[in-house]
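Everything numeric here is computed off the predicted structure, so don't read it as measured data. Below, each value reflects all heavy atoms present in this structure, side chains not excepted, and no hydrogens, waters or symmetry copies.
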Amino acid sequence: MGWGFSMGLAIAVVACIALYGLYRQGIGDLPDHAWLADYQPPQMSRMYAADSQLMAEMALERRVFLPIEAIPKRVQDAFVAAEDQRFWDHHGVDPLGLARAVMTNVEGMATGRRAIGASTITQQVAKNMLVGNDRTLMRKVREAILAFRLESAMSKQRILEIYLNEIFLGQQAYGVASAAMNYFNKGLDELTLSETAFLAALPKAPNNLNPNRYPEAARARRDYVLDRMVDDGAIKAAEAQAAKQDPIVIRGRTRPDTVATGQYFTEEVRRELVARFGQDQTTMGGLVVRTSMEPQLQTATEKALRDGLIGYDHRRGGWRGPAAKISARDTEWMPALEATARPAGALPEWKLAVVRDVDARAAKVAWLEKPTDGRPAQPRLATLPLEGLSWARPNRNGRLGGAPRRMQDVVAAGDVILVEPTNEKADRVTLRQIPQVQGAAVALDPQTGRVLAMAGGFSFEQSWFNRATQAMRQPGSSFKPFVYLPALEMGIPPNQRLLDAPIEIMTPQGLWRPGNYSRNTNGWVTMRTALEKSLNLVTIRLAQEIGIDKVADAAARFGVIPHMPKVLSMSLGAGETTVLRMAAGYASFVAGGKQVTPTLIDTVQDRFGRLVWRADNRHCDGCANGPQAEPPKLLDDRKQVTDPISAYQMVSLLQGVVQRGTGTAAGKGLNRPIGGKSGTTNDYMDNWFVGFTPEIVVAVWVGFDDPRSLGDGETGGGNAAPIVHDVLEAALKDSPPVPFRAPPGIALVRVQASNGETILEPFRPGTENAARAPIGGGGGGEGGDGMARSAGGGGGDSALGGLY
């Protein structure tokens, strides 16, 4: 007996030493658990439009975090019953559960059954959050040690809160709130007892308990959880029996309705969030982002831009042929069409159709309509008439043929084409084609800089490249206001006479002979007339007279071209800028010379609703005062980039461009004060128009991604200005006309404009009666490096002057 006792004692000592060694090894490099006290699970961020419509959800894991107080008691009880019945009593590790698991596993070794675990909820939190998922004895030791430490560091409620919000439950759902939505399209407080028990059944093997694939296993595990809840006293046996009769019906989450427009805007906001807050905080920080986008105006802006690009494509692009060729036979066309990829960039209302039959005046086309109830696609038939297809001239390697005289000149049987229904029955369609030309448009509030709408191309699906913010293009004559502004700042009045005559400038690249777009000269003209007619020769002479360094300074102050080369060709818009910068630059004219910084985000809140960033940094003077005090004032401390008088003079000059000059298409029929300026670059590569009213600024660019000519005569006033018109019309349709506000001290004098009408000319005080000698009588001079290159060549005699 003494020998046996000694042996037992020795074994116990050895076991204790071994356990102590295992413990010492387990605590080595054990991760710090203290941060879990303040841990917040990853949570999706949401982006909202100005009218609070949801624009996008940004998430790596679709999770909705709920504090433990917001999780119904029955949901808590179900998970405790299923995963850890003695959760509220143990201290991290459950000895009874561990012993039962050991016995069950020993019995199961003979039958080859998979071993069961005995991890408590606390151990699962330790495993998921701290020690990892490898199946080793040392991992279980570390898990148990951390479980004890977690129980001593935080409350049971906090541990359960982390568990219920962190656990993966299948269907891309992390946490119980997300799972309730993904499986049943319900909130936690709306779940039935059967549904609650099913969710609690999932942690063991969510993929193997999918009721659509394994209904019997899902029902059995659900019923097991109900029985455990009865054992715990959480529900009555009768409730469990009734719940067991309920079928498990997966309804799936109804995704919240999101704004069906503004993908370029949304992506630009996402990029800004990542730059400001980092990728992790943007996609997992639970941010609430409120943007400045107005969905109705955004939709109208996208439509205006697309209509303009399609209109140009019809004039200049011709018909570039079908997207594919397939068999038109009755038994073959449906599977062949279903296998044909839809061209990227095709609008949602366009149908991918096959030509079934063609005669001289029309074609019969068919497409597949997919029902929303999951049934197979159904064929639809329609007529494509020749009427309205005069634009579909055959395009052969960039050369256009004649207008089609019969339908066979356009399509043939088996052609896969894009069509759009033209009536409610959808039995008549018209031919569609994705244009090759691209464009961009920005609409912003000139008083705040809030970007109200942005379109970065014809289709976001076709190209994510945002041409409103990322494309650097030459602005052409739309840059000229920043040449004339320094003259106004120097006190030169708008009716100052300037010389419009040929000029020769020697550059390092050779002799530069710029010219006007019209190829004509007008002699002495006023500054107003020069800007309205966009006269290149006057602009160059003025830049030479006031100094190109002052032009570069103005371009930098307004943020249009921060580091402009100081060469004369820059005065004709040979530099490079973006659509967004041009919109903000013109907005400063409307804002009385204040610096306008464009913003797409109004505010950002964290997951707790705390404001972490806002765009409007204006200060309220007196907002904290009592009701008897003076009314509060909103202080605008933005930088003054030009004086208010010069800004208003420029606004007046640019109104003349729309009333009498190259921008008449922008204001046609709108019957309100509108200003703006067109721009067309060398060889018609870039078309611009920037238009504005007191309430909104709209900038538009049209051109090709790989710069090439839009074609002779394709100007900003012809292509970009009508798009601006349509955006302005949509933005201002429900508002009365508002005049531009003249600053204090300015002198308004009646003078005669170039067309003979009488206008109110704004003068700086003291200059309205000053006699001034004409400017620009001198000639020649030397330009700097790069001038001839930007202007389209150095030595030749250019009738168009390079840029206009």
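The two residues L297 and L452 have their closest heavy-atom pair at CD2-CB, 3.7 Å. L309 and G439 get closest at one heavy-atom pair: CD1-N, 3.8 Å. Contact between T577 and W688 at its shortest, heavy atoms only, is CG2-CH2, 4.3 Å.
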- Does the side chain to side chain contact (heavy atoms under 4.5 Å, CB included) test come out yes or no for R432 and T430, once each step is laid out? CA-CA 7 Å; R432 290 301 185 201; T430 189; 3.9 Å; yes
- Please assess R467 against D705 for the test salt bridge (Lys or Arg N to Asp or Glu O under 4.0 Å), listing each intermediate value before the final yes or no. CA-CA 9 Å; R467 295 156 190 86; D705 283 340; 2.8 Å; yes
- Task: Could you walk me through whether V410 and W319 pass the side chain to side chain contact (heavy atoms under 4.5 Å, CB included) test, one step at a time?
- Result: CA-CA 8 Å; V410 183; W319 170 240; 4.0 Å; yes
- Task: Could you give me the CA-CA distance, side-chain angles and deciding distance for T469 and T578, then say whether side chain to side chain contact (heavy atoms under 4.5 Å, CB included) is met?
- Result: CA-CA 6 Å; T469 61; T578 68; 5.8 Å; no
- Take K550 and E489 through the test salt bridge (Lys or Arg N to Asp or Glu O under 4.0 Å) and record every step on the way to the result. CA-CA 10 Å; K550 287 186 172 60; E489 293 172 331; over 6 Å; no
- Message: Assess the residue pair L273 and M58 against the criterion (side chain to side chain contact (heavy atoms under 4.5 Å, CB included)); give the C-alpha distance rounded to whole Å, side-chain angles, the decisive distance to 0.1 Å, and a yes or no.
- Response: CA-CA 11 Å; L273 291 171; M58 300 170 286; 3.8 Å; yes
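Applying the salt bridge (charged side-chain N to carboxylate O under 4.0 Å, His left out) test to residues at least two apart or on different chains, none of the pairs has a partner in residues 571-583.
Residue Y586 forms a side chain to side chain contact (heavy atoms under 4.5 Å, CB included) with just one option from V560, V596, L654, L444, and that option is L654. When M293, R290, M55 are each tested for a side chain to side chain contact (heavy atoms under 4.5 Å, CB included) with M47, only one passes: M55.
Checking S534 against T662 by side-chain atom types alone, no donor-acceptor pair falls below 3.5 Å. Residues E761 and N495 have side chains that never bring a donor and an acceptor to within less than 3.5 angstrom of each other. With 3.5 Å as the limit, one finds no donor-acceptor pair spanning the side chains of R638 and T597. Remark: the E714 side chain and the N719 side chain contain an N/O donor-acceptor pair separated by less than 3.5 Å.
Remark: E267 engages R271 in a salt bridge, criterion side-chain N to carboxylate O under 4.0 Å. Between K303 and D726 there is no salt bridge, since no side-chain N of the basic residue sits under 4.0 Å from a carboxylate O of the acidic one. Taking a cutoff of 4.0 Å between a charged side-chain nitrogen and a carboxylate oxygen, R342 and E461 do not qualify as a salt bridge.
Counting heavy-atom neighbours within 6.0 Å of E387 CD, excluding the residue itself, gives a total of 12 or less. Shown here is K594, whose NZ atom has more than 12 heavy atoms of other residues, nucleotides or ligands within 6.0 Å. For CZ of R741, the number of neighbouring non-hydrogen atoms (other residues, nucleotides, ligands) closer than 6.0 Å is 12 at most. The number of heavy-atom neighbours closer than 6.0 Å to CD of Q296, taken from other residues, nucleotides and ligands shown, is 12 or below.
Contact annotation: the side chain of L305 never approaches that of F458 to less than 4.5 Å [non-hydrogen atoms, C-beta and beyond]. Considering only heavy atoms from C-beta on, T526 stays 4.5 Å or farther from Q496 through its side chain. The side-chain heavy atoms of R450 and L600, taken from C-beta on, include no pair separated by under 4.5 Å. Residues L488 and P494 meet the side-chain proximity criterion, which asks for heavy atoms closer than 4.5 Å. Within the 4.5 Å cutoff, the side chain of L537 has heavy atoms near those of the P514 side chain. With contacts defined as side-chain heavy-atom distances shorter than 4.5 Å, the pair R276/V604 does not qualify. In this structure the side chain of T715 reaches within 4.5 angstrom of the side chain of Y517, judged on heavy atoms. For the pair V451/V442, a side-chain contact is recorded, criterion being any heavy-atom separation below 4.5 Å from C-beta on.
D51 contributes a side-chain N or O that, together with a main-chain N or O of Q53, makes up a donor-acceptor pair within less than 3.5 Å. Counting only distance, with no hydrogens or angles, the side chain of Q474 and the backbone of A574 share a donor-acceptor pair below 3.5 Å. Side-chain atoms of Q649 come within 3.5 Å of backbone N or O of P762 as a donor-acceptor pair. Between the side chain of E302 and the main chain of G262, a donor-acceptor pair closer than 3.5 Å is present. Looking at N516, its side chain does come within 3.5 Å of a backbone N or O of N520 through a donor-acceptor pair. Listed for the R270 side chain is no donor-acceptor partner under 3.5 Å among the backbone atoms of A56. Of the possible donor and acceptor atoms, one in the side chain of T291 sits under 3.5 Å from a partner among the backbone N and O of Y48. A donor-acceptor contact shorter than 3.5 Å links the side chain of R672 to the backbone of S735.
The aromatic rings of H314 and W391 sit parallel to each other, their planes meeting at less than 30°, with 60° as the upper class boundary.
Note: F460 and F265 fail the aromatic proximity criterion, with ring centroids not under 6.0 Å apart. Between F589 and F740, the distance separating the two ring centers is not shorter than 6.0 angstrom.
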